[in-house]
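Note sheet for the following structure.
All ligand and atom numbering here is 1-based and tracks the order in the structure. Sequence positions, counted from 1, serve as the residue numbers for this chain.
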Amino acid sequence: MIDLKLLAYLEEFISENRKQRFNEILAQRTNYLTVAVEDVFQMHNTSAVVRSCESFGVQTAHLIEDRNGQHLDEEIAMGAQKWVDIKRYQNSKQVIDSLREKGYKIVATSPHADSSLLQDFNLDGKTALFFGTEKNGLSDYVLEKSDAYLKIPMVGFTESLNISVSAAIILQHLTTKLKASDVDWKLTDEEIFERRLNWTKKSIKSIDDILERYKSDN
Ligand SMILES: C[S@@+](CC[C@H](N)C(=O)[O-])C[C@H]1O[C@@H](n2cnc3c(N)ncnc32)[C@H](O)[C@@H]1O
């Protein structure tokens, strides 16, 4: 349950421009498309994928951190992680089970598999796009569990694109396609209120003091 009274109280501490910007951006956010990144070795690649999610309006990124055991909290740069919901998992089974439960179709992105080409790919249901490691791509587990395979067509000598470049191309294409469709892709009212509260808190410097004051007054 969203505390609307708290939200109204905190919004007094941010500018009208800021509030309006939050609303404009939230009106473009989606969880219809979501992204999962499996065991990426280089932090800057994960960081760039999260940045693309933020830039193209994909609200949630799922980071699987098992084989490499990396903790990305402080390593994801550029500030994008502040505005995207980042969920962490220890292995790919956890994320696939959780996404399936929420009704997502699992889609492996791969330069090799016998995949649908990006331009032919149909968004027929909530879709989770999986991206793999720099050297080996997605694990056999994710490839076996996937419902569909997606490929950016390439015509050069190079075997594959960088993961973050792939994510940017795919997200730009699919978010444009989604927004031109009849699908109800927007966040729910509850999701929007939650983000407004969360983003407002993150925008107030002395938030802890303000929350203390609110608690003692209410
Ligand atoms: C550097 S590639 C990995 C290459 C790896 N040798 C392989 O066999 O997949 C890293 C990730 O970027 C994505 N990717 C790279 N090129 C792609 C393409 N042409 N189409 C779709 N995804 C691609 C995939 O998610 C891939 O797992």
Side-chain angles (χ1 to χ4, degrees), residues 30-70 72 75-78 80-81 84-100 104-178:
T30 190
N31 271 328
Y32 192 89
L33 267 184
T34 197
V35 162
V37 177
E38 197 186 30
D39 292 338
V40 166
F41 283 84
Q42 293 173 321
M43 307 291 186
H44 66 85
N45 277 333
T46 306
S47 162
V49 173
V50 170
R51 193 174 182 176
S52 292
C53 288
E54 205 289 313
S55 304
F56 295 119
V58 171
Q59 184 54 35
T60 310
H62 307 265
L63 308 184
I64 304 149
E65 305 169 288
D66 55 347
R67 284 172 292 179
N68 308 318
Q70 292 169 341
L72 299 164
E75 303 292 340
I76 300 172
M78 329 270 192
Q81 78 282 4
V84 169
D85 300 340
I86 295 186
K87 305 205 166 165
R88 291 185 172 74
Y89 304 81
Q90 294 191 335
N91 57 59
S92 303
K93 182 178 185 315
Q94 275 179 358
V95 66
I96 289 182
D97 289 351
S98 157
L99 288 168
R100 276 211 197 286
Y104 282 93
K105 185 172 158 181
I106 307 299
V107 176
T109 65
S110 167
H112 299 302
D114 188 12
S115 316
S116 302
L117 295 180
L118 180 56
Q119 62 269 32
D120 303 329
F121 188 76
N122 284 324
L123 282 165
D124 51 359
K126 292 202 295 179
T127 300
L129 299 162
F130 278 66
F131 293 88
T133 61
E134 293 87 347
K135 193 159 175 246
N136 298 320
L138 285 165
S139 64
D140 289 344
Y141 182 80
V142 172
L143 292 171
E144 274 161 27
K145 295 284 174 187
S146 291
D147 303 303
Y149 303 88
L150 173 60
K151 173 178 177 169
I152 303 162
M154 294 169 44
V155 294
F157 289 110
T158 314
E159 176 242 12
S160 65
L161 292 160
N162 168 278
I163 173 187
S164 65
V165 172
S166 318
I169 292 172
I170 291 173
L171 291 183
Q172 198 283 333
H173 182 87
L174 293 184
T175 51
T176 304
K177 192 166 181 174
L178 185 62

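Side chain of S115 to main chain of P111: no donor-acceptor pair is present (N/O by atom type, distance under 3.5 Å, no hydrogens or angles).
Comment: K145 does not engage D140 in a salt bridge, judged by the lack of any side-chain N to carboxylate O separation of less than 4.0 angstrom.
In the candidate list S160, A167, S110, A108, S110 is nearest to atom 22 (N) of ligand 1, counting heavy atoms. Residue L161 holds the heavy atom nearest to atom 2 (S) of ligand 1 of all those in I170, L161, N45.
Of the polar atoms of I152, at least one N or O is found under 3.5 Å from an N or O of ligand 1, judged by distance alone. Looking at ligand 1, you won't find any N or O of K151 less than 3.5 Å from one of its N or O atoms. Considering backbone and side-chain N/O of H112, one or more are found under 3.5 Å from N/O of ligand 1. In terms of polar-atom proximity, E159 is counted as a contact of ligand 1, with an N or O under 3.5 Å from an N or O of the ligand. Geometrically, ligand 1 and S166 share a nitrogen or oxygen pair separated by less than 3.5 Å. For ligand 1, the polar-atom distance check finds no N/O of T133 at less than 3.5 Å from any of the ligand's N/O atoms. Here's the thing with G132: one of its N/O atoms is less than 3.5 angstrom from an N/O atom of ligand 1.
Atom 5 (C) of ligand 1 has as its closest protein heavy atom K135 O, 3.3 Å. Counting only heavy atoms of the protein, atom 25 (O) of ligand 1 lies nearest to T109 OG1, 2.6 Å.
Ligand-side atoms of ligand 1 in range of M154: 19 (N), range being under 4.0 angstrom from any heavy atom. Close contacts of ligand 1 with G137, meaning ligand atoms under 4.0 Å from a residue heavy atom, involve 3 (C), 5 (C), 7 (C), 9 (O), 27 (O). Close contacts of ligand 1 with I163, meaning ligand atoms under 4.0 Å from a residue heavy atom, involve 10 (C), 11 (C), 12 (O). In summary, the atoms of ligand 1 found under 4.0 Å from a heavy atom of F131, numbered by their order in the structure, are 25 (O).
Residue E38 places every heavy atom at 4.0 Å or more from ligand 1. The shortest separation from a heavy atom of L150 to ligand 1 is under 4.0 Å, placing the residue in contact.
The structure places CD1 of I96 at 9.5 Å from CG of N91, a figure rounded to the nearest 0.5 Å. For the atom pair CD1 (I86) and OG1 (T60), the distance works out to 9.5 Å, reported to the nearest 0.5 Å. Atom-to-atom distance recorded for T127:OG1 and L174:CG is 8.0 Å, nearest 0.5 angstrom. Annotation: the span from E38 atom CD to T133 atom OG1 amounts to 7.5 Å, rounded to 0.5 Å. Annotation: the span from L99 atom CG to T34 atom OG1 amounts to 6.5 Å, rounded to 0.5 Å.
Screening S160, S166, S164 for a side chain to side chain contact (heavy atoms under 4.5 Å, CB included) with N162, the sole residue that qualifies is S164.
Taking the ring axis of Y32 as reference, the NZ or CZ atom of K126 does not stay both within 45° of it and closer than 6.0 Å to the ring centre.
The shortest non-hydrogen separation linking K177 to D120 is NZ-C, 4.4 Å. Shortest non-hydrogen contact noted between T175 and L33 is CG2-CD1, 3.9 Å.
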